[in-house]
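The shown structure was predicted, so the numbers you read here are calculated from the model rather than taken from an experiment. FYI, side chains are in, hydrogens and waters are out, and symmetry mates aren't considered; it's all heavy atoms of this structure.
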Amino acid sequence: MARVLWAGAGGIRGLRELIRRHGRALEADLPATYPGVRLRHLYTGELTWRELGSLIQGLPPTSRLRTALNEGRPEPTPETVLLADIFDMLQNVDWHIVASNVDKKTNLPKTPKPYPRWWLQAAASKGDGSDRVARLEAARARKRERAQAIAAGLIA
C-alpha cells in the first residue's frame with residue numbers, strides 16, 4: 001500500500017491528495033479501526049499529519065481505503081493467502097496419488113489448476129497495456145483472414 005499511497009507525492013501533499021480522492025473511505029475507516037479518531041480531528045488540531053499518515057499505514061487489509069486504492073479489489077488477508085497455498089498443496093498431493101496409481105502414462109490426469117489469486121492477477125495486469133493491445137490486434141487480424149477465407153470459399 002505504501003507504494004500506492006506515496007507514489008507521486010509524499011508527506012502532506014500525498015495525504016491531501018489521498019483525502020481528496022478517497023476521503024469518504026478514509027472517514028469510514030478511521031473510526032471503525034481507531035475508535036474516537038475522526039478525519040475532522042486533523043483540521044481541529046487534535047490529529048497531526050504525521051499521525052494521520054501512521055494511522056493510514058496501520059489500516060487492515062480489509063479496510064475500505066485499501067480496497068479503493070486497489071481499484072475495488074480487496075487485499076488478501078494472510079489467512080486467504082495461506083488457504084490458497086493449502087488448497088494448491090492438497091490438489092497436488094491428490095494428483096500425485098492418482099498419477100502414481102495409473103498403469104499407462106497416456107492416461108495421466110490433468111494437472112490441477114492453482115487456486116485463483118486475484119491479488120497476483122491485479123499486480124500482473126497493471127502494465128502499460130501494450131500486450132493487451134497487441135493481442136487484440138492479432139485477434140482482429142485473424143478474424144479478417146478467416147472472413148476472407150470464408151468469402152473465397154476456402155473454408156466453411
Side-chain angles (χ1 to χ4, degrees), residues 1-11 13-35 37 39 50-150 154-156:
M1 178 171 123
R3 181 174 36 90
V4 174
L5 178 61
W6 305 118
R13 184 181 296 169
L15 287 172
R16 287 178 63 197
E17 184 64 20
L18 181 75
I19 292 169
R20 187 184 70 77
R21 289 185 182 182
H22 305 290
R24 289 179 185 248
L26 185 57
E27 279 179 325
D29 282 338
L30 284 177
T33 307
Y34 309 106
V37 176
L39 187 58
R50 182 182 173 126
E51 289 171 335
L52 178 64
S54 297
L55 294 176
I56 290 172
Q57 290 290 339
L59 288 174
T62 56
S63 69
R64 293 168 188 88
L65 180 64
R66 285 187 175 221
T67 302
L69 289 172
N70 287 327
E71 299 169 0
R73 292 186 189 98
E75 284 187 13
T77 60
E79 294 84 10
T80 305
V81 175
L82 184 62
L83 286 173
D85 290 341
I86 290 171
F87 179 84
D88 288 345
M89 182 207 50
L90 289 174
Q91 289 282 83
N92 284 327
V93 167
D94 185 41
W95 180 83
H96 281 287
I97 290 171
V98 171
S100 66
N101 292 320
V102 172
D103 290 335
K104 298 178 183 178
K105 291 191 177 196
T106 58
N107 293 334
L108 280 178
K110 291 182 180 178
T111 58
K113 293 182 179 178
Y115 187 81
R117 289 168 167 81
W118 73 88
W119 58 92
L120 296 178
Q121 295 167 353
S125 68
K126 288 186 180 179
D128 60 354
S130 60
D131 57 336
R132 182 174 184 267
V133 172
R135 286 191 317 240
L136 285 172
E137 289 300 322
R140 288 180 184 134
R142 287 192 306 272
K143 182 179 177 184
R144 283 191 298 271
E145 291 170 4
R146 181 168 173 77
Q148 290 171 351
I150 291 172
L154 301 174
I155 58 174

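- Using a 4.0 Å cut-off between charged nitrogen and carboxylate oxygen, Glu145 and Arg142 do not count as a salt-bridge pair.
- Taken from OH in Tyr115 to OG1 in Thr80, the straight-line distance is 8.0 Å, to the nearest 0.5 Å.
- For the atom pair Glu75 CD and Thr62 OG1, the distance stands at 9.5 Å (nearest 0.5 Å).
- Side chain of Arg117 to backbone of Ala84: a donor-acceptor contact under 3.5 angstrom is found.
- The distance from atom CZ of Arg146 to atom CG of Leu154, rounded to the nearest 0.5 Å, is 11.5 Å.
- Side-chain contact between Arg50 and Leu15: absent, with no pair of heavy atoms (C-beta onward) separated by less than 4.5 Å.
- In this structure, the side chains of Met89 and Asp85 stay at 4.5 Å or more apart for every pair of heavy atoms.
- A salt bridge links Arg140 to Glu137: one of the charged nitrogens lies within less than 4.0 Å of a carboxylate oxygen.
- The shortest non-hydrogen separation linking Leu59 to Ser63 is CB-OG, 3.8 Å.
- Counting heavy atoms from C-beta outward, Leu55 and Thr33 have side chains that stay 4.5 Å or more apart.
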Discussion item. What verdict does the salt bridge (charged side-chain N to carboxylate O under 4.0 Å, His left out) test give for Arg20 and Glu17, after you've listed the backbone C-alpha separation in whole Å, the side-chain angles of each residue and the deciding distance to 0.1 Å?
Written reply: CA-CA 5 Å; Arg20 187 184 70 77; Glu17 184 64 20; 2.6 Å; yes

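- Atom CG of Leu108 and atom OG of Ser100 lie 10.0 Å apart (nearest 0.5 Å).
- Considering CG of Asp29 and CD1 of Ile56, their distance stands at 9.5 Å, rounded to 0.5 Å.
- The CG atom of Leu82 sits 4.0 Å away from the CD1 atom of Ile86 when rounded to the nearest 0.5 Å.
- In plain terms, the two heavy atoms of Ala99 and Pro109 that are nearest each other are CA-CD, 4.3 Å.
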Discussion item. Let's go through Leu90 and Asp94 carefully: what are the C-alpha distance in whole Å and the side-chain angles of both, what is the deciding distance for side chain to side chain contact (heavy atoms under 4.5 Å, CB included) to 0.1 Å, and is it a yes or a no?
Written reply: CA-CA 6 Å; Leu90 289 174; Asp94 185 41; over 6 Å; no

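- Between Pro61 and Pro76 the shortest heavy-atom distance is CB-O, 4.0 Å.
- Here the closest non-hydrogen pair linking Ala28 and Ala32 is O-CB, 3.4 Å.
- For the pair Asn92/Pro112, a side-chain contact is recorded, criterion being any heavy-atom separation below 4.5 Å from C-beta on.
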